[in-house]
Amino acid sequence: MASLELTEYERKRLENIRRNEEMMNAFKINSKAAELSAATKRQRMGSKSYKVSPEKKPKTGSPVIIRRSLRTRGIPPDAKGLGEGFVEPPNGGIPPDAKGLGDGFVEPSNGTPKPKRLYRPSPCVLGPISMSDAFRGKGTDRVLIDLVLDVAKRQQLSSASIKEEFDIDNSLMHEKYLVKGGCKSEPLDWPVKVEKCEIESGLDLGSLVLKPENVARVVPGRIMLVRFFPCNDARMIVTGNKFGNVGFWNVDSQRKNAIYLYHPHTGPISGIAFRQSCLSKASLISFRSYFFLCYDGFVRLMDAEKEVFDLIYSSDDGIFSLSQRPNDLTSLYLGKGRGGLSVWDERIGKPSSEWILHENRINTIDFNSQNPNIVATGSTDGMACIWDLRSLNAHNPRAVKMESHKRSVHSAYFSPSGSSLATTSIDDTVSILGGPNFEDTSRIYHNNQTGRWISTFRGIWGWDDSYIFIGNMKRGIDVISPVERRVVKTLQSPHMTAIPCRFDAHPYQVGTLAGATAGGQVYLWTSV
DNA sequence: CGTCAGATTATTTAA
DNA sequence: TTAAATCCATCTGACG
């Protein structure tokens, strides 16, 4: 079926992985001792640290199905193998009863969970996964696939007429920004000189409501990301969770069961983006923590035509953030490892350039809507930076603007007009940079102490520059006015029974706002 | 300087 | 109704 073609890069990587595997195996021989010492250590520590969950066996007496990749079994990844190489454990990616080892990982030999440090990485498939294999819902996902294809088809038809206009737009952008700046390292057209905000959405805050039917549990566990499918006549929500599940919720569906759950990844989903050139494909990114083995940064592309989650890139480092440059549809900008920004080029199938921009991981990457050379990053190292890609020196990258927070920065987003930047930090501030050079800074106090169980807050812009939406620890959504420099309203509802921490504003419907929680719920606020 | 334990926090689900 | 389980975030502070 799907042939497994490896690029040079991937082949090298596999070789690496195999070597590591060998080392791992060698290590395992001595692991009894390590286990013992670890165990005694744990006991000595006594009081704290979560107990290893009680031995967990499949409910039935049926033989344990072990899910192992080619890699784990040391089988060279040739084209076959794939079919039988991937067996789902009973109950797949859904963290069973919330205990156990998250991913349904079962230790082959004796069923005793080993100390974490010794876990091998979750088995991964180094190639495409068919959507039906990844499907975790009841019934069939045919309806969803058809819907996605249908939307794509209609989009293509209607965009045929828009296409020319779009191309012109693109070339204008080039002329305006690329050609002008050129490759010179001379002064560029910084400041950005964005025309004063002319976007006006006309949102009436008072009209926002949460209807009971607009609440759903879309995925199990903690949601990392929520995004609207970019279609103006539909309300389709896509979420990614901590376990590598991806859930689709077709809100407008008349069907009772309009939620479709997949498990294409083995680690937290850290980015969701839609391929702008072809909407039948949504690209989904996952990272697995860099704390364990370091090779599990995967990028998969969901292809509704081929009905697969294709593996398009995998990195030894974790991948934490993703953005697409507005005028460049064949590249993905990835936040990788400790502070890396990597440009993955679809045409060559590997990174075309990489910079180390921060001292710690990059949590968000956001391009300026007015100037595609200008990009903002927010990092755990406490900095939010604005970069000019034309002048980005490979060895000594210099930001054109830096905003320093006392602690980790969890988001840095440009406003819809491109004239402001909002940064959210765990130091309990939301910072707004404005003015022609982004030199006017105002700081707004906001409680961002989400603790361990709630995903960090990220203030997002609404449909124009007038409001920022951000989670509130008291089960609300705070609305910040950058002009008034304060929280002007807190959206609350009896139906919002948990803290919404991640948001997305519908790209075409003003007032349609999705909030996602640590328990897998999504709240869809609408304007009446 | 790096590593690692400890504390923090909310939501779900089993009891 | 209550208690147990969560364990890939982050800072602090102890320890080599």
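Proteins come first, then strands; the chains are lettered A, B, ... in the order of their sequence lines, and each starts at number 1.
Searching all strands for a Watson-Crick or G-U wobble partner of dA5(B) with both distances below 3.5 Å returns dT12(C).
Whole-Å rounding puts the I223(A) CD1 to dC8(C) C1' distance at 17 Å. For the pair R475(A) CZ and dT11(B) C1', the computed distance is 9 Å after rounding to whole Å. Nucleotide dT10(C) holds its P atom 18 Å from the NZ atom of K406(A), rounded to whole Å. N241(A) has its CG atom 14 Å from the P atom of dT12(B), to the nearest Å. Put simply, CD1 on I426(A) is 11 Å from P on dT12(C), counting in whole angstrom units. Computed from coordinates, the F243(A) CZ to dC8(C) P distance equals 9 Å when rounded to whole Å. When the P atom of dT10(C) is taken as reference, atom CG of D428(A) falls 14 Å away, rounded to whole Å. In this structure, NE2 of H405(A) is placed 17 Å from C1' of dC11(C), rounded to the nearest angstrom.
Ranking dA10(B), dT8(B), dT10(C) by closeness to the I499(A) side chain, first place goes to dA10(B). Distances from the side chain of H410(A) to the nucleotides dT10(C), dC7(C), dT11(B) place dT10(C) closest. Checking dT11(B), dC11(C), dA9(C) against every side-chain atom of S408(A), the shortest atom distance belongs to dC11(C). In the set dT11(B), dC8(C), dA9(C), the nucleotide with an atom closest to the side chain of I454(A) is dT11(B).
Remark: D478(A) pairs with H446(A), N472(A), T490(A) by the side-chain hydrogen bond (donor to acceptor under 3.5 Å, both in side chains) rule, at least two apart or across chains.
The side chain of R217(A) places an N or O atom within less than 4.0 Å of a non-bridging phosphate oxygen (OP1 or OP2) of dT12(B). Contact annotation: R361(A) side-chain N/O to dA9(C) OP1/OP2 distance is under 4.0 Å.
A 6.0 Å sphere centred on CD of Q449(A) holds more than 12 heavy atoms belonging to other residues, nucleotides or ligands.
Nucleotides dT13(B) and dC8(C) have their C1' atoms positioned 22 Å apart, rounded to a whole Å.
Taking the six-membered ring where the residue is Trp, the centroids of Y262(A) and F135(A) are separated by under 6.0 Å. With ring centers used as reference points, Y313(A) lies 6.0 Å or more from F298(A).
For W453(A) and dT11(B), the ring-to-base geometry does not satisfy the stacking test (centroid distance below 5.5 Å, interplanar angle below 30°).
The residue among Q449(A) and Q521(A) whose nearest nucleotide of DNA chain B lies closer to the 5′ end is Q449(A). Map T450(A) and G520(A) each onto its nearest nucleotide of DNA chain B; the residue landing nearer the 5' end is T450(A).
In this structure, D252(A) contributes its side chain and R235(A) its backbone to a donor-acceptor pair below 3.5 Å.
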